[in-house]
Amino acid sequence: MSISKLEVAKNDALSAQEEKEFFKENGYIGPFSIYPPELVDSMWKKVRFQLLNKKNAIYGDNKMNYDRHLDIKILSEIVSHPDIVRRVQNLLGQNLLCWRTEWFPKYPGDEATAWHQAESFVAFEGDSKLVPTEPHDGSWELTVWFAFTEATLETGCLKVIPKTHRTWFFDEKRNVPFDPASTSGFYGYDFEKLKIDPDWKPDESQALHVPMQAGQVLMFTSRCLHGSEPNISKDRLRMGLAIRYVPTDVMVYPNHTDKFTHFGEVFPLENYAAVLVGGQDSFGHNRLTMPLTGGD
Ligand SMILES: O=C(O)CCC(=O)C(=O)O
Ligand SMILES: [Fe+2]
């Protein structure tokens, strides 16, 4: 497998305006370095133990570990890191919420994450988790995928197909039952079942594989076709934290007042709040909280 020749807009090579144009055109941008790899190694050593302690986790003993930025200080610092927030504000506007964090581990032998697209995060079950209330010229959600470990071609780094964010190849609003016994697709969910044209195949020749060092981020709209290859290494874990952002006009979980389900797990929402990481909220659609301070 070789890295496509397509240009990757990296680090500080571009002005804010150029970053905006690149993202609008391609549907992704990065990778950008946020922390030095050695620092992230020590952060990860701490976080992986903190993840085991679910005493203050808002979804209790839920195996998915979603939204642990709401109780783990290091994760809260990452989602509100000024170098991330500044870049996301440039793309989505000043008034910004972090509405979710999700883990994407890939252990040696783990399979590929199939190509997929999303925007409202119906995610196979139930209703849209996100509903914008204002018109937007372009993207109104994006993911900052933070590499907690190095992600290489061998360990299953992210891949995207640039410029695919303007066309829907998948119907993300289709409901498909969770099948824990399924060995294809995405941990019991099969993206094949969301294909608009069952015979469509992505143009792999346009795929851009994005190796990253620990502490780097790739930013993309989930509408841009994305996925990752299997981890074919013998002994290296690839660990990503997907940090999801929306502008404040977006209603988060508008139809899930008390809970949502995913991967067969229940996520009670009574302690949920979106984090206001930048600007202000004049809409009042969502329960909000601020980044954690003090302690660790
Ligand atoms: O980490 C991966 O393999 C996939 C990540 C992904 O699909 C996402 O962050 O939305
Ligand atoms: Fe995804």
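Counting convention: from 1, in listed order, for ligands and their atoms alike. Every heavy atom of this structure was used, including side-chain atoms; hydrogens, water molecules and symmetry mates were not. Each residue takes its place number in the sequence, starting with 1.
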| request: Find, among atoms of His226 that are N, O or S, the one nearest to the Fe ion (ligand 2), and state its name. | output: NE2
Atoms of ligand 1 close to [X] [distance to a heavy atom under 4.0 angstrom, numbered from 1]:
X      : result
Ala242 : 9 (O)
Ser228 : 2 (C), 3 (O)
His116 : 7 (O)

| query | Salt-bridged, Asp110 to Arg238, with N to O below 4.0 Å? | reply | no
| task | Taking only Lys NZ, Arg NE, NH1 and NH2, and the carboxylate oxygens of Asp or Glu, determine whether Arg100 and Glu102 approach each other closer than 4.0 Å. | result | yes
| request: Give the ring-plane orientation class for Tyr28 versus Phe22, where under 30° counts as parallel, over 60° as perpendicular and anything between as tilted. | output: perpendicular
| request: Report the relative orientation of the aromatic rings in Trp44 and Trp103; use parallel for angles under 30°, tilted for 30 to 60°, perpendicular for over 60°. | output: tilted
| query | With hydrophobic residues grouped by side-chain heavy-atom distances under 4.5 Å, do Val250 and Leu269 end up in a single group? | reply | yes
| said: Counting only heavy atoms closer than 4.0 Å, does ligand 1 sit against the backbone of Glu102, its side chain, both, or neither? | reply: neither
| field | Residue part near ligand 1, for Glu111, under 4.0 Å between non-hydrogen atoms | value | neither
| query | Looking only at non-hydrogen atoms, which of Arg238, His226, Met239 approaches atom 2 (C) of ligand 1 most closely? | reply | Arg238
| Under 6.0 Å between ring centres, would you say that holds for Trp200 and Phe170? | yes
| Taking both backbone and side-chain atoms of Thr143, is any N or O found less than 3.5 Å from an N or O belonging to ligand 1? | no
| side-chain hydrogen bond (donor to acceptor under 3.5 Å, both in side chains) involving Tyr35 - partner list, sequence neighbours excluded | none
| request: Would you check whether Phe220 reaches within less than 4.0 Å of ligand 1, judged by its heavy atoms? | output: yes
